[in-house]
4 protein chains.
Amino acid sequence: MRSPRRPQRARKLPRQARSQATVGAILDATVQILDRQGLDAATTTRIAEVAGVSVGSLYQYFSHRDAILNALQEREFERALELMRAVLARDHLARHPRDTLTAVMQGLASLYRSAPGLHRVLAIEGLRVARADRVHAFDARVLAIIRQFLRATGAPLRRPRLEAAAFVAYQSVRATMLARLLSGEPSLDEDSLVEELVDLVLRYLIAGDA
Amino acid sequence: MRSPRRPQRARKLPRQARSQATVGAILDATVQILDRQGLDAATTTRIAEVAGVSVGSLYQYFSHRDAILNALQEREFERALELMRAVLARDHLARHPRDTLTAVMQGLASLYRSAPGLHRVLAIEGLRVARADRVHAFDARVLAIIRQFLRATGAPLRRPRLEAAAFVAYQSVRATMLARLLSGEPSLDEDSLVEELVDLVLRYLIAGDA
Amino acid sequence: MRSPRRPQRARKLPRQARSQATVGAILDATVQILDRQGLDAATTTRIAEVAGVSVGSLYQYFSHRDAILNALQEREFERALELMRAVLARDHLARHPRDTLTAVMQGLASLYRSAPGLHRVLAIEGLRVARADRVHAFDARVLAIIRQFLRATGAPLRRPRLEAAAFVAYQSVRATMLARLLSGEPSLDEDSLVEELVDLVLRYLIAGDA
Amino acid sequence: MRSPRRPQRARKLPRQARSQATVGAILDATVQILDRQGLDAATTTRIAEVAGVSVGSLYQYFSHRDAILNALQEREFERALELMRAVLARDHLARHPRDTLTAVMQGLASLYRSAPGLHRVLAIEGLRVARADRVHAFDARVLAIIRQFLRATGAPLRRPRLEAAAFVAYQSVRATMLARLLSGEPSLDEDSLVEELVDLVLRYLIAGDA
DNA sequence: GATGAATGAGCGTTCATTCAT
DNA sequence: GATGAATGAACGCTCATTCAT
């Protein structure tokens with residue numbers, strides 16, 4: 001996409017019900033387009049068209065095109081965090097770490113599966129310099145959750161550098177899932193992938209797990 | 001005025017000394033721009049400008065803008081493969097797999113370190129649909145090398161699904177290194193990263209490795 | 001940056017008053033440029049400039065530059081056909097064929113006279129391969145009208161090959177008028193030309209007409 | 001084609017044998033390209049390539065691209081005039097005008113047939129403003145020949161305005177032949193076309209010819 | 001507020017022409 | 001003379017953004 005002519009002022013926050021609906025429609029339209037046709041198809045005109053509003057309205061709620069992608073990214077970030085929190089909150093201490101990990105990874109896999117095209121675009125765009133900070137912030141939150149889980153788990157940890165370990169484990173899982181998503185016809189079925197990743201992480205992190 | 005005719009094949013190969021210099025200048029300029037300002041800044045006009053040539057010259061050697069990126073990608077691909085081959089060729093059978101793995105990863109880390117911005121862009125662009133095939137082809141070659149290494153190693157393998165294991169291991173290493181590269185100020189020094197990754201892979205792949 | 005996507009269908013039809021005005025301005029500007037400076041001067045930038053709009057507006061209503069020329073061509077085609085139909089509809093059976101033919105040719109001559117430069121360009125462009133189909137379609141419609149006229153006329157026809165005769169007659173008239181148009185200072189006044197052409201066609205087509 | 005940056009000085013005339021050969025090769029190459037691929041394919045680079053010389057050499061003999069087309073046009077003009085002169089010179093006074101006319105038209109038809117693509121391009125380009133003068137000059141020479149023939153012929157002429165008559169007859173023949181050339185699949189075979197045109201012209205020009 | 005026609009900077013690309021070798 | 005690498009003005013076209021209605 002072209003680097004945009006940046007506007008000078010921020011837009012007002014949507015407060016009323018109708019506004020919320022419009023914002024929602026715009027985000028949903030963008031998701032649909034990204035998922036089916038990719039980033040290049042997500043022009044402001046097309047988004048407005050699919051959302052059933054005018055471009056003018058679009059700019060009433062988003063100061064520039066990238067703001068839409070940012071909002072989307074944020075939405076998916078929250079969704080992923082929520083998923084992790086929900087799984088970990090379910091009395092995971094009483095269960096074997098393997099079960100907890102498996103549940104988390106199945107959740108992530110289903111998240112990706114629900115809109116592969118969208119997550120592909122977000123992953124790519126997430127790597128762009130402009131959006132790097134947002135991704136780092138998200139990563140930090142994920143890592144905090146992981147560390148918290150590791151500390152809370154009764155299992156004996158192998159790794160002295162907890163922070164490094166969480167980083168490596170997280171990136172490995174994230175990237176492998178994404179790579180499978182990006183390969184046209186995955187040679188590995190989802191369940192097997194989850195199994196492999198659980199094993200990878202367990203053996204890496206937890207002593208004596210064989 | 002003229003109906004546009006997309007050229008299908010590569011332009012003439014540079015034979016003379018001056019031509020070689022021009023091609024080199026274009027590639028170098030592109031690397032520099034990608035490394036410092038990212039992909040969007042790498043317009044044909046800007047590349048030509050930095051290379052100190054005219055746009056016309058650029059098109060004398062590259063059929064279209066993307067061909068420059070492709071050439072660059074190919075160059076880095078070959079470099080990475082060459083590095084892996086070189087390390088694995090060095091009597092690795094006589095050494096402990098840990099040493100071999102460490103050597104490979106140190107090589108990759110230094111490759112990334114040499115031009116972080118470039119590798120960031122190549123990694124990102126490698127995810128785009130248009131270039132997905134090239135990346136898959138590269139991945140397949142890497143996976144073949146890894147599998148060959150695993151088979152040749154005397155060490156007892158833990159994983160029944162060799163192909164899946166190679167995929168998971170490769171993506172984990174690749175992504176973690178890249179993620180560290182992308183984070184502005186890495187919290188993990190390079191040696192520690194290599195150590196962690198070697199450990200990750202060994203425990204995942206090789207039975208009884210502790 | 002972006003892979004170019006050639007639009008296949010026409011742009012949105014102009015509905016509002018302002019839109020209509022813009023389309024009109026674009027067509028008028030194009031006619032003016034073609035008439036005065038020829039086809040090569042009719043760049044999108046120049047057309048927009050003369051029309052007093054931006055290039056963007058131009059592409060809001062025409063999918064590509066050639067679409068403007070096509071629209072212009074179509075407009076003139078329809079105008080010419082309408083003229084022929086109108087003249088032939090005027091109780092021509094009751095009149096001598098010479099009068100009918102004269103009326104038709106006077107109409108065509110005045111059509112050409114109204115914008116010689118435009119018709120010159122359209123005639124030339126009509127010869128280009130890209131637009132040949134459109135011209136052939138127009139020619140076929142004209143020939144059908146001519147054949148219908150010849151059949152309806154009570155006059156005894158000299159020519160056994162009606163189709164060939166219509167073709168020869170039509171091309172002769174068309175080309176001679178055009179040639180006169182193209183010569184800077186016509187040596188033949190319009191009335192004389194019409195007279196000559198009527199005579200040419202009558203003697204060629206109609207038996208005993210002397 | 002793009003309107004060229006016009007050079008300032010004329011080129012030296014080719015005097016030596018090698019020069020003549022180069023000029024010939026360039027013209028032949030241009031004919032071949034025009035005939036097979038049309039005007040847009042006739043770039044200076046391509047012409048030089050087909051001619052087996054360098055672009056530099058091309059510019060040694062032709063001051064600019066259009067000069068090549070001009071030379072080609074001139075060559076075809078001379079060829080056509082030569083053909084007419086040759087036929088008319090063959091004791092045509094002793095023969096019936098119909099035979100003479102038939103011979104001329106057969107000659108023209110075979111000229112066109114020998115390289116339809118070339119003549120299509122020349123016809124189109126000949127109409128462009130830039131080259132209009134050259135065409136008018138050629139037309140004038142043709143008309144002179146025609147008038148001379150008409151005067152020399154013993155046959156009684158119908159038309160008082162000899163100049164106008166020559167013009168009408170010439171344009172009719174030229175355009176009809178060209179139109180047949182331009183229509184993809186001519187519905188009229190060449191012999192029939194010649195027959196029709198001879199009849200058209202004879203009845204138009206010569207009194208009592210039935 | 002909502003609309004959507006209008007804007008125009010900027011992109012990738014071409015090719016006639018030049019000139020150092 | 002010949003070469004062909006280099007030039008760069010100019011083209012068609014896109015789309016994020018604005019603002020009169």
Side-chain angles (χ1 to χ4, degrees), chain A residues 1-7 12 16 18-19 22 40 42-49 53-60 63-66, chain B residues 1-7 12 14-19 21-22 40 43-46 48 53-66, chain C residues 1-7 12 14-19 21-22 40 43-48 53-66, chain D residues 1-7 12 16 18-19 22 40 42-49 53-61 63-66:
Chain A
M1 239 58 312
R2 182 109 25 79
S3 60
R5 275 174 270 164
R6 279 293 156 75
K12 77 176 51 158
Q16 314 197 346
R18 178 125 88 113
S19 305
T22 301
D40 283 358
T43 65
T44 49
T45 303
R46 180 96 181 95
I47 291 173
E49 189 179 303
V53 301
S54 67
V55 254
S57 291
L58 189 154
Y59 277 90
Q60 200 97 56
S63 61
H64 50 280
R65 194 189 82 116
D66 270 18
Chain B
M1 222 103 290
R2 194 165 316 112
S3 56
R5 278 165 286 156
R6 264 263 162 172
K12 75 164 72 82
R15 300 205 170 281
Q16 308 200 348
R18 182 133 79 118
S19 304
T22 301
D40 283 357
T43 66
T44 51
T45 304
R46 180 97 182 93
V53 302
S54 66
V55 258
S57 289
L58 193 154
Y59 281 93
Q60 197 121 59
Y61 301 108
F62 298 94
S63 60
H64 47 280
R65 195 192 78 118
D66 269 19
Chain C
M1 222 106 291
R2 196 163 315 114
S3 56
R5 277 165 285 156
R6 264 265 160 169
K12 75 165 70 84
R15 300 206 169 282
Q16 310 199 348
R18 182 133 79 118
S19 304
T22 301
D40 283 357
T43 66
T44 51
T45 303
R46 180 100 181 93
I47 292 173
V53 301
S54 65
V55 256
S57 289
L58 191 153
Y59 281 94
Q60 197 121 59
Y61 300 107
F62 298 95
S63 60
H64 47 279
R65 194 190 79 119
D66 270 19
Chain D
M1 241 47 328
R2 182 108 26 79
S3 60
R5 276 173 268 162
R6 278 295 156 74
K12 78 176 54 159
Q16 312 200 348
R18 178 126 88 113
S19 305
T22 300
D40 283 358
T43 65
T44 50
T45 303
R46 179 98 181 93
I47 291 172
E49 189 180 303
V53 302
S54 65
V55 253
S57 291
L58 187 153
Y59 277 90
Q60 200 97 60
Y61 298 111
S63 61
H64 49 280
R65 197 189 80 117
D66 271 18

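Values below: all heavy atoms of this structure, side chains included; hydrogens, waters and symmetry mates excluded.
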Rounded to whole Å, please give me the gap between [atom1] in [X] and [atom2] in [N].
X: A:H64; N: F:dC15; atom1: NE2; atom2: C1'; value: 15 Å
X: A:R46; N: F:dT14; atom1: CZ; atom2: C1'; value: 16 Å
X: A:D40; N: F:dT14; atom1: CG; atom2: P; value: 13 Å
X: B:Y61; N: F:dT7; atom1: OH; atom2: C1'; value: 12 Å
X: C:F62; N: E:dA6; atom1: CZ; atom2: P; value: 12 Å

D:R65 side-chain N/O to D:A42 backbone N/O, donor-acceptor pair under 3.5 Å:
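Pair found, side chain donor or acceptor close to backbone of D:A42.
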To the nearest 0.5 angstrom, please state how far the CZ atom of B:F62 sits from the OG1 atom of B:T44.
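Separation between the atoms: 13.0 Å.
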Considering heavy-atom distances to DNA chain F, does D:T22 or B:S57 have its closest nucleotide positioned more toward the 5' end?
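That would be D:T22.
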Quick check on DNA chain F: between D:S54 and B:G56, whose nearest nucleotide comes earlier from the 5' end?
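Nearest-nucleotide comparison on DNA chain F picks D:S54.
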When you measure from the side chain of [X], which nucleotide among [options] comes out closest?
X: C:R65; options: F:dC13, E:dT14, F:dA16; result: F:dC13
X: C:Q60; options: F:dC15, E:dT7, F:dA5; result: E:dT7
X: D:V53; options: E:dG12, F:dT3, F:dA6; result: F:dT3
X: A:V55; options: F:dA6, E:dG4, E:dT17; result: E:dG4
X: B:T43; options: E:dA5, E:dG12, E:dA2; result: E:dG12

Find which nucleotide of DNA chain E each of B:T45 and C:L58 is nearest to by heavy atoms, and output the residue with the more 5' nucleotide.
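Comparing both residues, the 5'-ward one is C:L58.
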Under 4.0 Å from OP1 or OP2 of F:dC11: is there any side-chain N or O of C:T44 that close?
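No, no such contact exists.
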N/O (side chain, B:Y59) to phosphate O (OP1/OP2, E:dT13) under 4.0 Å
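So the side-chain polar atoms of B:Y59 do come within 4.0 Å of the phosphate oxygens OP1 or OP2 of E:dT13, strictly under.
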Any chance you could lay out the side-chain hydrogen bond (donor to acceptor under 3.5 Å, both in side chains) test for A:S57 and A:S54, step after step, and finish with the verdict?
CA-CA 5 Å; A:S57 291; A:S54 67; 3.3 Å; yes
Looking at A:T22 and A:V53, what are the two nearest heavy atoms and their distance?
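Here A:T22 and A:V53 meet closest at CG2-CG1, 4.0 Å.
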Minimum heavy-atom separation for B:A48 and B:L58, please, with both atom names.
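Heavy atoms only, the tightest pair is N-CD1, 4.1 Å.
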Can a side-chain donor-acceptor contact be found between D:Y61 and D:S19 if the only test is distance below 3.5 angstrom?
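A donor-acceptor contact under 3.5 Å links the two side chains.
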Using a 3.5 Å limit for the pairing distances, which stems of at least 3 consecutive Watson-Crick or G-U wobble pairs does DNA chain E take part in?
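If one scans DNA chain E for consecutive Watson-Crick or G-U pairs, the stems found are E:2-21 with F:2-21.
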